S.K.: 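Take a look at this one; I'll ask things after.
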Amino acid sequence: DAKTTQPTSMDCAEGRAANLPCNHSTISGNEYVYWYRQIHSQGPQYIIHGLKNNETNEMASLIITEDRKSSTLILPHATLRDTAVYYCIVRAQKLVFGQGTRLTINP
Amino acid sequence: DTEVTQTPKHLVMGMTNKKSLKCEQHMGHRAMYWYKQKAKKPPELMFVYSYEKLSINESVPSRFSPECPNSSLLNLHLHALQPEDSALYLCASSQEGSGSLAGNTIYFGEGSWLTVV
């Protein structure tokens, strides 16, 4: 499975859009981009995933570049409850977690 | 419903004890997983079961023994653990366990906190 690179930490103001970047320059054609988040002391929560096209659900939007070498997770209106570690994972078979981005939403 | 239930939520055991962690899902998923997460680290894959058969063992020490009695249940039997095995143990499940796994979302439980004394 391809590796990903994410910023270690980010801050965002409450009510603003949080844009979390992820680089996956070695992604293969059959690998999906997954995003999970983990709020302190809880199990990882699935957010969204995609292969080539941009995706949107009730939680977030996923924007994948045309060459698939990077993606951005967008939380449109961040709240304090969105403070968590966000994991971008490129997956063919196994779901292998990297270090993630610690997102802090500030009031 | 995307619920994976894990019991117990907290477990303290001695190094000579035998205990088990349990996991249950009723989503009809045929793949189930055990992950281990140490403090301030990302989850690490331990085992994958596909159609009740062990398909992946990530070189986990034999003091951890997984069991999948049926498609809804997954156990992790613990014996002669060390204090460094103290961690959050996460169970997860997904639709399929073979073929193209990549498009099948994996859903996690809340985990079992294990402390070995």
Side-chain angles (χ1 to χ4, degrees), chain A residues 1-9 22 24 26-53 55 57-60 62 64 68 71 73 84-104, chain B residues 1-7 9-10 21 23-25 27 29 31-50 55-60 87-115:
Chain A
D1 295 315
K3 290 191 175 178
T4 62
T5 304
Q6 298 179 252
T8 303
S9 63
C22 180
H24 31 79
T26 59
I27 192 170
S28 299
N30 65 338
E31 291 179 314
Y32 284 72
V33 179
Y34 276 80
W35 284 84
Y36 283 78
R37 72 181 183 184
Q38 190 170 25
I39 296 169
H40 182 60
S41 300
Q42 297 183 17
Q45 179 187 22
Y46 165 76
I47 302 173
I48 199 166
H49 75 282
L51 183 61
K52 294 180 183 178
N53 299 322
E55 302 287 345
N57 63 21
E58 64 279 2
M59 287 183 69
L62 173 61
I64 303 174
R68 300 186 71 234
S71 61
L73 178 75
V85 178
Y86 286 76
Y87 295 101
C88 169
I89 302 167
V90 172
R91 177 186 176 209
Q93 284 198 318
K94 301 177 190 178
L95 193 72
V96 179
F97 288 80
Q99 296 302 313
T101 295
R102 183 169 297 277
L103 176 66
T104 302
Chain B
D1 183 13
T2 55
E3 188 169 334
V4 176
T5 303
Q6 292 188 241
T7 55
K9 289 198 184 305
H10 298 273
L21 304 179
C23 175
E24 189 169 5
Q25 57 86 16
M27 296 178 278
H29 290 172
M32 296 187 77
Y33 311 78
W34 280 114
Y35 282 77
K36 173 182 177 179
Q37 186 173 22
K38 301 281 283 184
K40 300 188 187 299
K41 297 290 187 183
E44 296 178 353
L45 181 64
M46 299 175 72
F47 302 104
V48 180
Y49 270 82
S50 172
S55 62
I56 295 176
N57 176 343
E58 294 286 291
S59 302
V60 178
L88 177 66
Y89 289 84
L90 295 159
C91 175
S93 70
S94 67
Q95 274 285 4
E96 291 185 38
S98 62
S100 175
L101 291 173
N104 297 320
T105 301
I106 296 178
Y107 296 98
F108 286 82
E110 291 302 316
S112 292
W113 287 94
L114 173 68
T115 303

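The chains referred to below are lettered A, B, ... by the order of the sequence lines, with proteins before strands, and numbering in each begins at 1. Worth saying up front: this structure is predicted, and the values here are computed from it rather than measured.
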S.K.: Which answer fits B:Glu58, side chain, backbone, both or neither, if we ask what part of it has an atom under 4.5 Å from a heavy atom of chain A?
M.R.: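 The side chain, not the backbone.
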S.K.: Relative to chain B, which segment of A:Gln38 carries a heavy atom at a distance below 4.5 Å: side chain, backbone, both, or neither?
M.R.: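 Interface part for A:Gln38: side chain.
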S.K.: To the nearest 0.5 Å, what is the distance between CD1 (A:Ile48) and OG1 (B:Thr105)?
M.R.: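 Answer for the CD1-OG1 pair, A:Ile48 versus B:Thr105, is 10.0 Å.
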S.K.: At a 4.5 Å cut-off on heavy atoms, which part of B:Glu44 comes close to chain A: side chain, backbone, both, or neither?
M.R.: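 When you check distances to chain A, no heavy atom of B:Glu44 falls under 4.5 Å.
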S.K.: Considering non-hydrogen atoms only, spot the tightest contact between B:Pro42 and A:Gly98 and give its length.
M.R.: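 The answer is CB-O, 3.0 Å.
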S.K.: Considering residues, nucleotides and ligands other than A:Glu55, do more than 12 of their heavy atoms fall under 6.0 Å from its CD?
M.R.: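 Counting neighbours around CD of A:Glu55, more than 12 heavy atoms of other residues, nucleotides or ligands fall under 6.0 Å, so yes.
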S.K.: Using the test ring-ring contact (aromatic ring centres under 6.0 Å, His included), find all partners of A:Tyr87 that sit at least two apart in sequence or belong to another chain.
M.R.: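 Listed in chain order: A:Phe97.
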S.K.: Chain B: which of A:His40, A:Gln99, A:Gln45 shares the most heavy-atom pairs with it under 4.5 Å?
M.R.: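 Sorted descending by pairs with chain B, the first entry is A:Gln99.
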S.K.: With no hydrogens and no angle check, is any side-chain donor or acceptor of B:Glu110 less than 3.5 Å from a backbone partner on A:Gly43?
M.R.: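 Pair found, side chain donor or acceptor close to backbone of A:Gly43.
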S.K.: Taking all heavy atoms of B:Ile106 and all of A:Tyr36, pick out the closest pair and write down the distance.
M.R.: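 Scanning both residues, the minimum pair turns out to be O-OH, 2.5 Å.
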S.K.: Test of understanding: with side-chain contact (heavy atoms from CB on, under 4.5 Å), list the residues that count as partners of A:Gln6, not counting sequence neighbours.
M.R.: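 Result, side-chain contact (heavy atoms from CB on, under 4.5 Å) vs A:Gln6: A:Thr4, A:Cys22, A:Trp35, A:Cys88, A:Thr101.
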S.K.: Do A:Leu95 and B:Tyr33 make a side-chain contact, defined as non-hydrogen atoms from C-beta onward lying under 4.5 Å apart?
M.R.: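 With C-beta onward as the side chain, the pair stays apart.
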S.K.: Just wondering, are more than 12 heavy atoms of other shown residues or ligands nearer than 6.0 Å to NZ in A:Lys52?
M.R.: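 At most 12 heavy atoms, drawn from other residues, nucleotides or ligands, come within 6.0 Å of this atom.
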